[in-house]
A.B. asks: 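Structure below; questions to follow.
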Amino acid sequence: MSGSLFEKLRAGLPQLKGRWLILAHDAAMVPLAWMLAYWLRYNLSDIPTAFLNQAVYLIPLVTVIQGAAFVLFGAHRGVWRFISIPDLVRLVKAVLVGTLVAAVTIFFLTRLRYVPRSVFVLHAVFLLLLVTGPRLAYRLRKDHHLGRSGEQKVLIAGAGAAGEMLARDLLRARPRAYSPVAFVDDDRAKVGKEIHGIRVLGDCDAIVGLSEKWGVELIMIALPSATAQQMQRVVERCEQAGVPFRTLPKLHDILEGKASSSQLRRVEIDDLLGREQISLDWERICAGLEHQRIMVTGGGGSIGAELCRQLARLRPEQLILFEQSEFNLYSSALDLKREYPTLELYPLLGDVCDADAVDNIIATYRPHVVFHAAAYKHVPLLQEQARETVKNNVMGTCTVANAADRHGTGAFVLISTDKAVNPTSMMGASKRIAEMYCQALGARSATRFITVRFGNVLGSAGSVVPLFRRQIEAGGPVTVTHREVTRYFMTVAEACQLILQASVIGAGGEIYVLNMGEPIKILYLARQMIRLSGREPDRDVRIVFTGLRAGEKLSEELFHPDEALSDTGFEKILLARSRLVEPQRVVSLCDALGEACGRFDYDRIAELVGTLVPEYRVAEPAAQMADGDDVAAAPDGGAPLRAGTAP
């Protein structure tokens with residue numbers, strides 16, 4: 001124990017030594033300031049003997065009083081290397097209080113005989129200069145070095161709180177790798193001002209000219225709350241300047257503790273396509289889902305896994321993951337257990353088409369809410385395998401929905417897609433039938449059946465972003481189906497948050513449509529991803545157009561013309577007035593579909609799908625199908641299967 005105490009004392013010696021040195025410095029400045037005040041009072045000439053003797057006599061008293069004031073206000077605790085406004089404020093308070101106490105004490109002791117009143121004012125001014133001057137000089141010497149050998153010259157885009165913190169961290173770093181030379185910011189009120197001695201020299205349009213003028217080697221984007229449009233503009237200017245650029249994490253990642261404000265990263269495509277932060281009624285979401293038993297089918301997929309992460313934050317009583325892929329289930333459960341060790345988690349292997357397994361799980365765990373995210377989604381691949389598409393997307397939904405209804409589940413939330421609107425693909429048609437079945441079942445059930453419909457999710461498994469990334473890493477070509485093809489995009493986190501919101505506001509029978517913003521051209525997406533990789537489209541990486549594939553459209557729709565949209569009170573969630581369905585007819589036809597799947601009767605499957613979804617029109621492929629994707633990324637090669645044939 002004594003050894004431990006000795007080690008602590010030894011470790012603290014340098015810090016104590018530094019503080020005593022600072023206090024000694026400040027105490028030494030007191031008599032100097034005191035005598036300078038007398039000297040200036042007598043016009044920098046000889047001080048009368050009586051006044052000089054009194055001044056010398058009072059030096060110990062003034063020094064002790066002022067030293068006590070420095071200790072009282074903690075002036076000796078500030079590190080000179082990082083002196084800041086609060087440190088200067090403490091020094092001003094210590095000097096003023098010390099001078100005032102010294103003046104009052106001297107008045108009572110001497111009645112100010114041979115002590116001019118102006119000396120106290122002059123003493124305070126001189127002392128403040130003498131104690132702050134060396135501190136500021138020391139920091140300036142440490143900080144104010146532009147372009148020192150071995151340091152990269154940095155331009156910071158964004159002169160707000162994030163930019164200030166970034167600049168401060170760069171200046172404090174030892175050894176210093178970066179030297180900030182200027183700020184740019186679109187707030188004109190900030191232009192011309194200085195932050196830590198670094199001037200704001202213009203708006204973001206000045207990036208190109210300033211980069212050339214100052215020889216900038218790296219641009220740091222400190223705009224964590226920027227919209228997609230703002231990021232697109234800044235990135236475009238960085239690309240025009242031909243200078244590498246990095247960005248800070250997004251604001252919600254910093255607030256949630258997933259990243260710090262000093263962690264720079266590459267600009268990702270979702271920075272350019274993501275949208276403004278969504279505003280949710282978390283109080284209502286928590287009230288509806290906290291302490292509930294919740295089941296997520298497809299809990300190992302892109303949407304399902306993120307949905308589980310967000311649900312885990314709401315402290316459910318139990319979280320049941322139901323997943324067909326062993327590896328995906330293992331990975332998702334591992335991540336959840338690491339992040340939420342107290343979560344009561346049940347990772348269960350199984351197939352949504354296995355009626356006995358589904359019924360047993362729901363009967364055993366009695367979930368209050370079921371989120372049905374399990375589905376096949378790859379449009380071209382599914383187009384040639386109608387039986388498997390219908391079996392999984394339709395019959396799987398029917399199986400889980402029926403079990404939820406049978407065992408009195410409170411709410412069943414179907415995750416649907418924009419491809420269910422005027423479908424041109426078997427995948428879209430199957431999801432439309434799933435919507436219809438939930439609507440039909442909800443008409444006679446105590447369970448709230450809610451459908452949430454949205455478009456493509458950035459970076460989800462099998463989506464266009466990872467495919468383009470692989471193609472770019474391989475040196476190209478990047479394959480795009482058509483110059484004009486567009487898709488709606490949102491981030492997986494945003495999609496899941498809106499799903500949670502819809503799940504608690506729905507009374508049952510609704511189809512909620514997520515506001516996806518403006519559709520994005522896939523060609524734009526491909527070009528931006530190539531540029532973000534540090535290469536130039538059509539020069540370093542070729543873009544090849546291959547034609548639309550089986551079941552693909554040039555553009556997607558979020559709602560049918562017969563589904564009038566209405567407001568829900570939430571900016572990004574719209575309510576689509578459901579088209580009327582005949583519940584008994586829908587259930588009967590879905591039962592027939594199940595029988596046709598059991599017989600591998602492809603013609604009957606096609607007939608029933610056409611009966612249930614009369615608007616379904618098959619889009620003719622313009623290119624051969626291969627590694628499929630639910631958005632307009634073109635194939636890498638391969639031969640298609642004939643519709644209605646077994647693989």
Side-chain angles (χ1 to χ4, degrees), residues 280 284-286 288-325 328-329 332-333 335-336 340 343-348 350-352 358 361-362 365-377 392-393 396-405 407-417 431 434-435 437-439 441-442 445 447-454 457 460 490 492-512 514 573:
L280 300 174
R284 190 168 178 181
I285 292 173
C286 288
L289 297 173
E290 190 176 20
H291 306 310
Q292 300 287 294
R293 294 187 299 275
I294 301 172
M295 177 176 173
V296 179
T297 69
S302 305
I303 295 291
E306 177 62 25
L307 200 52
C308 288
R309 278 191 289 272
Q310 299 207 22
L311 285 166
R313 294 170 51 196
L314 301 175
R315 298 191 299 275
E317 180 183 328
Q318 294 176 353
L319 184 58
I320 303 110
L321 273 68
F322 191 58
E323 170 63 49
Q324 188 175 23
S325 167
N328 287 355
L329 181 66
S332 183
D335 290 343
L336 287 169
Y340 303 96
L343 175 66
E344 190 172 338
L345 181 68
Y346 296 95
L348 304 174
D351 184 352
V352 292
V358 170
I361 288 169
I362 292 183
Y365 292 94
R366 296 281 178 173
H368 297 106
V369 183
V370 172
F371 290 91
H372 183 52
Y376 290 155
K377 63 178 183 177
N392 192 76
N393 290 1
T397 300
C398 294
T399 299
V400 182
N402 286 333
D405 170 52
H407 295 289
T409 299
F412 179 95
V413 183
L414 171 66
I415 313 301
S416 190
T417 170
K431 294 299 285 185
E435 290 182 358
Y437 189 86
C438 289
Q439 186 181 353
L441 197 58
S445 174
T447 300
R448 293 183 296 122
F449 283 89
I450 301 162
T451 296
V452 182
R453 187 189 290 164
F454 54 90
V457 173
S460 63
M490 68 185 347
V492 65
E494 182 181 16
C496 291
Q497 288 170 9
L498 292 172
I499 290 168
L500 295 181
Q501 186 71 77
S503 73
V504 298
I505 64 175
E510 302 95 343
I511 295 178
Y512 289 106
L514 304 190
I573 302 178

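Starting from 1, each residue takes its place in the sequence as its number.
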A.B. asks: Let's go through L500 and C496 carefully: what are the C-alpha distance in whole Å and the side-chain angles of both, what is the deciding distance for side chain to side chain contact (heavy atoms under 4.5 Å, CB included) to 0.1 Å, and is it a yes or a no?
C.D. replies: CA-CA 6 Å; L500 295 181; C496 291; 5.6 Å; no
A.B. asks: In sequence, state the C-alpha distance, the side-chain angles, and the governing distance for Y365 and L348, and then conclude on side chain to side chain contact (heavy atoms under 4.5 Å, CB included).
C.D. replies: CA-CA 11 Å; Y365 292 94; L348 304 174; 3.6 Å; yes
A.B. asks: Pick from H368, Q292, E344: which one makes a side-chain hydrogen bond (donor to acceptor under 3.5 Å, both in side chains) with Q318?
C.D. replies: E344
A.B. asks: Should T399 and V352 count as side-chain neighbours, where that means a heavy-atom distance under 4.5 Å?
C.D. replies: no
A.B. asks: How far does CG of L345 sit from SG of C308, to the nearest 0.5 angstrom?
C.D. replies: 7.5 Å
A.B. asks: Rounded to the nearest 0.5 Å, what's the gap from CZ on R366 to CZ on R293? Could you check?
C.D. replies: 9.0 Å
A.B. asks: Enter the distance from I294:CD1 to L321:CG here, rounded to the nearest 0.5 Å.
C.D. replies: 11.0 Å
A.B. asks: Could you pull out the closest heavy-atom pair between C438 and L414, with the gap in Å?
C.D. replies: SG-CD2, 4.0 Å
A.B. asks: Would you say that F449 contacts T409 through its side chain, given a criterion of any heavy-atom pair below 4.5 Å between the two side chains?
C.D. replies: no
A.B. asks: Taking the side chain as C-beta and beyond, is there a heavy-atom pair between L311 and F371 under 4.5 Å?
C.D. replies: yes
A.B. asks: Distance from R309 atom CZ to L319 atom CG, nearest 0.5 Å?
C.D. replies: 11.5 Å
A.B. asks: Checking side chain to side chain contact (heavy atoms under 4.5 Å, CB included) for the pair V370/T447: CA distance, chi angles, key distance, verdict?
C.D. replies: CA-CA 10 Å; V370 172; T447 300; over 6 Å; no
A.B. asks: With a 4.5 Å limit on heavy-atom distance, are the side chains of C398 and L441 in contact?
C.D. replies: no
A.B. asks: For the residue pair I415 and K431, what are the closest heavy atoms and their distance?
C.D. replies: O-NZ, 2.9 Å
A.B. asks: Nearest 0.5 Å, please: how far is OG in S416 from OH in Y512?
C.D. replies: 15.0 Å
A.B. asks: Does some side-chain heavy atom of F412 sit less than 4.5 Å from a side-chain heavy atom of H372?
C.D. replies: yes
A.B. asks: Ignoring hydrogens, what is the shortest heavy-atom contact between Q501 and I285? Give both atom names and the distance.
C.D. replies: OE1-CD1, 3.6 Å
A.B. asks: Shortest non-hydrogen contact from S302 to V492?
C.D. replies: O-CG2, 3.6 Å
A.B. asks: Quick one: does R315's side chain get under 4.5 Å of Y340's, heavy atoms only?
C.D. replies: no
A.B. asks: Does the side chain of L498 come within less than 4.5 Å of V452's, by heavy atoms?
C.D. replies: no
A.B. asks: Find the distance between CD (E323) and OG1 (T297) and round it off to the nearest 0.5 Å.
C.D. replies: 9.0 Å
A.B. asks: So, do R284 and I505 sit near enough that their side-chain heavy atoms are less than 4.5 Å apart?
C.D. replies: yes
A.B. asks: Does either side chain, that of E435 or that of T451, offer a donor lying less than 3.5 Å from an acceptor on the other one?
C.D. replies: no
